[in-house]
Amino acid sequence: MNNDPVDSQLIKRIRDNPKYQQLVAKRSRFAWLLSIIMLVIYYAFILVVAFVPNVLGNKLSPDSVISVGIPIGVLIIVIAFVLTGIYVFRANGTFDELARQVKEETK
Amino acid sequence: MSRFLWCLFVVFGSFYSSTGLAADAAATESSVNITAIIMFFAFVAVTLGITYWAASHTKSTKDFYAAGGGITGFQNGLAIAGDYMSAASFLGISAMVFARGYDGLIYSIGFLVGWPIILFLMAEQLRNLGRYTFADIVSFRLAQAPIRTLSALGTLFTVILYLIAQMVGAGQLIRTLFGLPYEYAVIIVGALMILYVAFGGMIATTWVQIIKACLLLTGATFIALSALSHTHFDLELFFRTALESIKSSGLANHKKVVAEGKDIFAPGGLVTDPISAISLGLALMFGTAGLPHILMRFFTVPNAKEARKSVFYATGFIGYFYILTFIIGFGAVMMVAPNAQYVDLAQGTLAGGNNMAAIHLAHATGGDLFLGFISAVAFATILAVVSGLTLAGASAVSHDLFANAICGGKVNEQTEMRVSKFAALAIGIVAIFLGIQFEKQNVAFMVGLAFAIAASANFPILFLSIHWKNLTTRGAMIGGSLGLITTVVMVVLSKTVWVDVLGNKTALFPYKDPAIFSMTLAFVGCWLFSKLDNSPRAAAERALFEAQSIRCESGIGAAGSVNH
């Protein structure tokens, strides 16, 4: 099956490796932090839409027809993209390097 | 290979005879656009060529389900974006912006924000734990047979609902664009998707998706830029002109907006109460993370690094695409709505239906040639998306149900692949049949239902199996089933089906979107029945969590790297 028996000695060695523990702690803290940022931004937006939709209808300036909702909407899209970029940059650099060292040390 | 050529012959034969028939029906159907037909044939020829090439490279199950694991992050990002940017979202969201203004953007944002969450909490875990289907991950430490059966059910429900919606949309779109009768359009789409999937597997499906994503992004960029150039790229003038144009629009919807003095640049009536708002938000955000044809794409890249990159690129492409649809929607308000040529005054809608906003804008900005190009792109979009869906459904049948749940994993690759090809054929035939049956029905609720099932049945068990040590088979089975059943029941009893489809007077379930209830119930079910599970099997499953996390984090033991 797909869960090929990874030998228990190796599991033990990896688990007890300080760098592995560091990797898990760092990566999961970072992933949850970014997730929470995204969730807060999105649900703040949805709650404004649900409770005070008029806020998003305010005009950018008295002589403009553009509402503040438009740049805010576009900004959320851009933020989502930037957050994925930040995560990929850090994970493909720092985290993968740590994972490589763990593999090296526990061979 | 000869079988492949034979099938090709049959499809082209049917296309030839149906275009012949179409000429007879041209009086009743709309006129035929020659550019569109040439472009479409070129697309079909290229993709069938790719399928032919892919068929000769599809030797193992790994090639068939996961394109041999050799797709790069950038390519996969395009393919994911291709899967996500369906004709429904291209035409549907631009039409929603066209008809209701700002509300369309609320939908787009909901569809997009699921992606960062998938990246942060699921992408690399999917890659490191899975091989071909998301059930691989859930059954990593849980019991194979029941979990795979439940996941396959969740997959098939999602896939079939999504397929029906796409098929009906395809039939109507192609009838309007190419002047083909509805049934022929559905049969051609179905036949081509069966060919791509059964012969070319994931390799063909991925490349069809990549080509289509490039075409769609190019086409949408051109429409948006042409609309903006109309006001010399002055955004203030662009929105002001749209606001002026809507006053002279012939559409019933627009007349109502003007009469009621509604602001099209502010949230309107789409989201009426907080429960619906949050429920819709949940379904859009977490539905994405439970769509089987999307999850499957994470198995086509060689490692976690490429899996992450693919989400980064996909989020960029999809976000850019949604900004374009927003511009296209208002562009259509400006250039399409006031022009009697595009409006069906008797109906008070656009000619061919309100979903045609983007298509008419293509004509208004670029004439017949550009209309032909966009029509062909829309058709290509449908073909590519239904192929991805069919492959996901076929994989659930052959890999989850047949190879693992029934044969206990002891089955040779060639047999499993043959089952998969027949499953693709069967799903294709079912989709064609249902597509024709549902022609006159309102199928708009089906995509919403597919998302709600994905969010309430597939996502909770997948997410908990990755992140929560205590999840057991019993908990996952009960929680997942609860999510699946309550979603279906609540949607059937809601206004969209109970009143709009079944014709009853009042809805028994007051909200349009069940996700807030069904998703909560699924999570609570998984949690409660896992906690109460003291069986020896549960203990063994919890003990396996450590090995699972180590593989998740480090990639050690992850299913095969690249085939070089």
Side-chain angles (χ1 to χ4, degrees), chain A residues 1-6 8 10-11 14-15 20 23-24 27-28 30-35 37-39 41-43 45-51 53-54 56-60 64-67 69-70 73-74 76-81 83-85 87-89 91-92 95-96 99 102-103 106, chain B residues 102 105-106 108-110 112-113 115-117 119-121 124 129-131 136 139-141 144 235-236 239-240 243 263 265-268 270-271 273-274 276-278 280-281 285 304-305 308-309 311-312 315-316 319 322-323 326 404 409 544 546-551 553-557 559:
Chain A
M1 264 330 304
N2 61 344
N3 38 352
D4 315 312
V6 181
S8 54
L10 178 65
I11 289 181
I14 294 176
R15 185 190 59 202
Y20 173 74
L23 168 69
V24 174
R27 207 194 67 81
S28 93
F30 192 56
W32 282 102
L33 174 74
L34 292 181
S35 302
I37 294 176
M38 191 72 249
L39 287 167
I41 293 174
Y42 177 56
Y43 282 97
F45 174 73
I46 283 293
L47 291 176
V48 170
V49 168
F51 288 104
N54 295 336
L56 293 171
N58 287 331
K59 302 299 169 197
L60 279 181
S64 172
V65 296
I66 301 176
S67 66
I70 292 173
V74 172
I76 296 177
I77 292 178
V78 173
I79 289 174
F81 177 58
L83 286 179
T84 61
Y87 180 81
V88 170
F89 181 75
N92 284 0
F95 299 153
D96 273 3
V102 171
K103 272 189 236 177
T106 52
Chain B
Y102 191 79
L105 189 62
I106 301 175
S108 308
I109 291 173
L112 187 76
V113 290
W115 283 105
I117 305 292
L119 171 65
F120 306 149
L121 301 178
E124 51 205 86
L129 291 177
R131 264 205 322 183
D136 288 343
S139 64
F140 186 87
R141 60 196 170 92
Q144 293 285 333
L235 278 177
E236 181 67 42
F239 287 111
R240 197 178 286 276
L243 202 57
D263 182 358
F265 304 129
L270 178 71
V271 185
D273 61 299
S276 301
I278 295 167
L280 177 71
M285 188 173 209
K305 193 185 213 110
R308 293 184 201 114
K309 276 200 226 162
V311 186
F312 170 68
T315 310
Y322 284 148
I323 294 173
F326 188 68
N404 286 300
L544 269 174
E546 188 165 55
Q548 179 189 307
S549 327
I550 284 176
R551 179 156 146 183
E553 294 290 345
S554 66
I556 294 170

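Below, chains carry the letters A, B, ... as their sequence lines are ordered, and counting in each starts from 1.
You'll find the side chain of A:Y87 stays beyond 4.5 Å of the side chain of B:V311, heavy atoms only. The shortest side-chain heavy-atom distance between A:L47 and B:I278 falls under the 4.5 Å cut-off. In this structure the side chain of A:L83 reaches within 4.5 angstrom of the side chain of B:F120, judged on heavy atoms. Using a 4.5 Å heavy-atom cutoff, the side chains of A:F45 and B:I106 are in contact. Using a 4.5 Å cut-off on side-chain heavy atoms (C-beta onward), B:S549 and A:Y20 make contact. B:M285 is listed as a side-chain neighbour of A:L39, based on a closest heavy-atom distance under 4.5 Å.
Minimum heavy-atom separation, A:G57 to B:A266: CA-CB, 3.5 Å. Contact detail for B:F265 and A:V65: the closest heavy-atom pair is CD1-O, 3.3 Å. When all heavy atoms of A:A50 and B:P274 are compared, the pair lying nearest together is CB-CA, 3.8 Å. A pairwise comparison of heavy atoms in A:P53 and B:P267 identifies O-CD, 3.5 Å as the closest pair. Between B:L105 and A:G73, the closest heavy-atom pair is CD2-CA, 3.9 Å. Across all their heavy atoms, A:V88 and B:R308 have their closest contact at CG2-O, 3.6 Å.
With a threshold of 4.5 angstrom between heavy atoms, A:D96 approaches chain B through side-chain atoms but not through N, CA, C or O. For a residue to count as touching a neighbouring chain, one of its non-hydrogen atoms must lie under 4.5 Å from one of that chain's; by this rule A:V24 touches chain B with backbone and side chain alike. Of the two parts of A:F95, neither the backbone nor the side chain holds a non-hydrogen atom closer than 4.5 Å to a non-hydrogen atom of chain B. In this structure, chain A has heavy atoms under 4.5 Å from both the backbone and the side chain of B:L119. Using a 4.5 Å cut-off between heavy atoms, A:F30 makes no contact with chain B at all. In this structure, chain A has a heavy atom under 4.5 Å from the side chain of B:E124, while its backbone stays farther away. In this structure, chain B has no heavy atom under 4.5 Å from any part of A:L60. Contact of B:Y102 with chain A is made through the side chain alone, with heavy-atom distances under 4.5 Å. For B:E236, the parts lying near chain A are the backbone and the side chain together; criterion is any non-hydrogen pair under 4.5 Å. Residue contact with chain B, scored on non-hydrogen atoms closer than 4.5 Å, involves the side chain of A:I76 exclusively.
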For B:F312 and A:F89: C-alpha separation, side-chain torsions, deciding distance, then whether ring-ring contact (aromatic ring centres under 6.0 Å, His included) applies.
CA-CA 10 Å; B:F312 170 68; A:F89 181 75; over 10 Å; no
Could you check B:D263 against A:K59 for side chain to side chain contact (heavy atoms under 4.5 Å, CB included), going step by step and ending with a plain yes or no?
CA-CA 11 Å; B:D263 182 358; A:K59 302 299 169 197; 3.1 Å; yes
A:V74 and B:F326: CA distance, side-chain angles, deciding distance, side chain to side chain contact (heavy atoms under 4.5 Å, CB included) verdict
CA-CA 10 Å; A:V74 172; B:F326 188 68; 5.5 Å; no
Give the C-alpha distance, both sets of side-chain angles, the deciding distance and a yes or no for side chain to side chain contact (heavy atoms under 4.5 Å, CB included) between B:L121 and A:W32.
CA-CA 8 Å; B:L121 301 178; A:W32 282 102; 3.7 Å; yes
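With salt bridges taken as basic N to acidic carboxylate O contacts below 4.0 Å, none links A:R15 and B:E553.
Expressed to the nearest 0.5 Å, how far OG1 of A:T84 lies from CD1 of B:I117 amounts to 11.5 Å. In this structure, the separation between CD1 on A:I70 and CD1 on B:I323 is 12.0 Å, given to the nearest 0.5 Å. The line from CD1 of A:I14 to CZ of B:R551 is 12.0 Å long, rounded to the nearest 0.5 Å.
Annotation: maximal heavy-atom pairing with chain B below 4.5 Å, among A:A99, A:S28, A:S67, occurs at A:S67.
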